[in-house]
Number of protein chains: 2
Amino acid sequence: MKKGPVTIKDIARELNVSVSTVSRALADNPLVKLETRLAVKELAKKHNYRPHFTALSLRSNKTKTLGIIIPQLVHEFFSMVIRGIEDHAYANGYNVIISSSHESYEREVLDTKALINGRVDGLMACISKETKDYEHFKEFVDRSIPLVFFDCICDEIEAPKVVLDDFDAGYQATKHLIQQGCTSIAYVGGPINLLINRDRLAGYNKALSEANLNTKDDWIIHCDSGDYEEGRQKSEPLINSKEIDGIFAATDMLAIGAMKNAKKAGLKLPDDLLVVGFSNWSIGTLYEPSLSTMSQPGYEMGLKAAELLIKQIDNPEQTITETFVLKSELIVRESSMTD
Amino acid sequence: MKKGPVTIKDIARELNVSVSTVSRALADNPLVKLETRLAVKELAKKHNYRPHFTALSLRSNKTKTLGIIIPQLVHEFFSMVIRGIEDHAYANGYNVIISSSHESYEREVLDTKALINGRVDGLMACISKETKDYEHFKEFVDRSIPLVFFDCICDEIEAPKVVLDDFDAGYQATKHLIQQGCTSIAYVGGPINLLINRDRLAGYNKALSEANLNTKDDWIIHCDSGDYEEGRQKSEPLINSKEIDGIFAATDMLAIGAMKNAKKAGLKLPDDLLVVGFSNWSIGTLYEPSLSTMSQPGYEMGLKAAELLIKQIDNPEQTITETFVLKSELIVRESSMTD
DNA sequence: TGCACAATTACAAACGTTTGCAACTGTAGG
DNA sequence: CCTACAGTTGCAAACGTTTGTAATTGTGCA
């Protein structure tokens, strides 16, 4: 007996034919006699033959694998993106390999290097908060390995991109607060070096100026991590000042941090303070009051990114460089309701 | 000029040496003259040479890739498991390929089949709620591909396993409620065909009988999906009956569903009803009242699973079949506090 | 009887590596 | 001057496939 998994060679030997015949028979190539074809296929099934993935890859120079680089895995939005990517990938016969950079530039560089040596047919990336230098992505372009950016993109590299219309989302959210009667609206956002946060802030500003409302430097808060605890701490003085009647938070967690402060300060929600968050995390439906928010269609984004990537892999000659912009929708819940 | 990525051949040609010399030089083999070695390495660096992953795999019959099969990706616990796996894998030069079965038996079978053809060096799996048949895992054993189960395991297959002590956790949680003065404690849990849920329930029963407390059939609720909405609906009659003064929920989401009902029914939390959840999801800290819960060390579980798997890959001869049991710890928050 | 052609099969190269072994240098010692 | 041996290097096989081309059959027809 032999060890390892059964190969085409084993089948060939057992049937006294050549490996090429077996290969062709398995592919149902009419060049090989029907009788032989059936015999080969039967034996293959009997032995539970499965083509050796690596050998296939080497021959075809295709790994049928897509790489994903994301800053975080334990994150509702990114999880949904991955799910979208996976669904489209699987449907097209691709597998997916995920690297989470943990928001570290260093790790991101490491990950890209690990994926560049013919391990994946293409890459989808969302850059980390730390990333300022994009050399590691340039290498993909140099080697003409298809690359797609999503969400946190890098403008300097020519590649298809899938993003949310963060500007419009910020605008919508703020406008909604204005329509609900707010006149002193604060902004609590994530790290300002990320384009998405600059855009959300810009949308906020646009809505304000359109309505001839003012803001103050103190009303604009940037959180480096963007997590709950940081948001809670940084927004505490602002809320205690009782100067404002509305908050647009660029993250649901920041919104909840702010609401906690408000409750602590004895404010009644939503009567004394209206809040709109961002991302439509599931916690927003459970919190009390439930949180108004802007949708962030992660699943659709992943789907689109995978679609663009696979399209590029299949047509290496024509390079796509479009930027796809997905729209965010306002979801009104208790936290911004007036009656 | 040539197209594709630079190979060992290209370097050999350019330097007028053989491929074997280049290969050895890159490996810093002292058989090749220092001068040649340096020249090769310099040129390799200049051309940004990277060994072709697939070719390496084919030669060595190692993919340096670990497979993961999980029921869900968008899930705080599983995300943490993956993070633990990734950390250990990366540290040992492995990559990771994740397939989420979406709790579907069919998809799970598909995923295992996709990974069995020499794509991964080993597999870590957590079976789906639907899975009753384990043939697809037997194949791994047959082909002696290392396999490790975690969390939702399958007893019938001989393989190392990493699990939580769910029985003890259920016992601890219930005992805590008893110590806090509860005498009529209900159980709200997930699908009972999963061992973990049977164990949690058994722990609950043990604690009750130890304290000479009774339960009723109506006080034991099984949710097939285990998600928030199902839990809310199924526990509503129980809570409205006002027969109980404590709930042990086998999931934080189920616990929150129950608490919502309680609030709706006009109960005061935690005065009228104490609740302990399970898994220590982040939402539990934000909800009001904050939720007491049992820790579920996903990161550690992933770490351990990866460690066992890699150990098995490195020592194919000796088969490990131990079951590693991680302990769960009670985390007391407002929802079960009496004062 | 011989030849063309179809039908079926086998051979060999290729994908990018690694590695056992053979082969080639040059130098030193007999 | 020949031999042995160390120091280098190259050849070729192997990993499991696919596929272009050559080789082997058998058949029908002139």
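Proteins come first, then strands; the chains are lettered A, B, ... in the order of their sequence lines, and each starts at number 1. When reading the values below, keep in mind they use all heavy atoms of this one structure, side chains included, and skip hydrogens, waters and symmetry mates.
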Just the rounded figure in Å: distance from [atom2] of [N] to [atom1] of [X].
X      : N       : atom1 : atom2 : answer
N29(A) : dA7(C)  : CG    : P     : 13 Å
I8(B)  : dC15(C) : CD1   : P     : 14 Å
D10(A) : dG16(D) : CG    : C1'   : 10 Å
L58(A) : dT17(D) : CG    : P     : 12 Å
I11(A) : dT17(D) : CD1   : C1'   : 12 Å

Checklist entry - Quick one: ring-ring contact (aromatic ring centres under 6.0 Å, His included) partners of F137(B), sequence neighbours excluded? => result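 ring-ring contact (aromatic ring centres under 6.0 Å, His included) check on F137(B) returns F149(B).
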Next on the checklist: Below 4.0 angstrom, which residues in residues 41-54 of chain A have at least one non-hydrogen atom near DNA chain D?
Outcome noted: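 Close to the strand are Y49(A), R50(A), P51(A), H52(A).
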Checklist entry - With sequence neighbours excluded, what pairs up with E135(A) under the salt bridge (charged side-chain N to carboxylate O under 4.0 Å, His left out) test? => result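 So E135(A) forms a salt bridge (charged side-chain N to carboxylate O under 4.0 Å, His left out) with K138(A).
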Next on the checklist: Can you list everything that forms a salt bridge (charged side-chain N to carboxylate O under 4.0 Å, His left out) with D28(A)? Sequence neighbours excluded, please.
Outcome noted: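 By the salt bridge (charged side-chain N to carboxylate O under 4.0 Å, His left out) rule, D28(A) matches R37(A), K41(A).
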Item to check | Per-nucleotide protein contact string for nucleotides 8-14 of chain C (B base, S sugar-phosphate only, - none; heavy atom under 4.0 Å) | outcome: BBBB--B
Item to check | Distance-only polar pair, side chains of S104(B) and S101(B), donor-acceptor under 3.5 Å | outcome: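 Their side chains do not contain a donor-acceptor pair, so the 3.5 Å distance test is not met.
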Ring pair (Phe, Tyr, Trp, His ring centres under 6.0 Å) contacts touching [range] (sequence neighbours left out):
range                      : answer
residues 57-78 of chain B  : H75(B)-F78(B), H75(B)-W281(B)
residues 41-68 of chain A  : none
residues 90-117 of chain B : Y105(B)-H136(B)

Compile the donor-acceptor pairs under 3.5 Å between side chains in residues 296-307 of chain A and protein atoms, sequence neighbours left out, one pair per line.
unit_1, atom_1, unit_2, atom_2, d
Q296(A), OE1, S279(A), OG, 2.6
Y299(A), OH, D87(A), OD2, 2.6

Item to check | Residue pairs passing the side-chain hydrogen bond (donor to acceptor under 3.5 Å, both in side chains) test where at least one lies in residues 139-156 of chain B, sequence neighbours excluded | outcome: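 Listed by first then second residue: R50(A)-E139(B), E139(B)-R143(B).
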Per-pair distances, 0.1 Å, donor-acceptor, side chain in residues 121-128 of chain B, under 3.5 Å, sequence neighbours excluded:
unit_1, atom_1, unit_2, atom_2, d
D121(B), OD1, T63(B), N, 2.7
D121(B), OD1, T63(B), OG1, 2.9
D121(B), OD2, T63(B), N, 3.2
D121(B), OD2, K64(B), N, 2.7
S128(B), OG, E130(B), N, 3.1
S128(B), OG, T131(B), N, 3.4
S128(B), OG, T131(B), OG1, 2.9

Checklist entry - Any side-chain N or O of S23(A) less than 4.0 Å from the OP1 or OP2 oxygen of dT17(D)? => result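 No, no such contact exists.
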Checklist entry - Do N315(B) side-chain atoms and E317(B) backbone N/O form a donor-acceptor pair below 3.5 Å? => result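 Checking the backbone N and O of E317(B) against the side chain of N315(B), no donor-acceptor pair under 3.5 Å is found.
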Item to check | Axial bend angle, the helix from dT1(C)-dA30(D) to dG30(C)-dC1(D): five-pair end segments, nearest 10° | outcome: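 Inter-axis angle at the ends, rounded: 90°.
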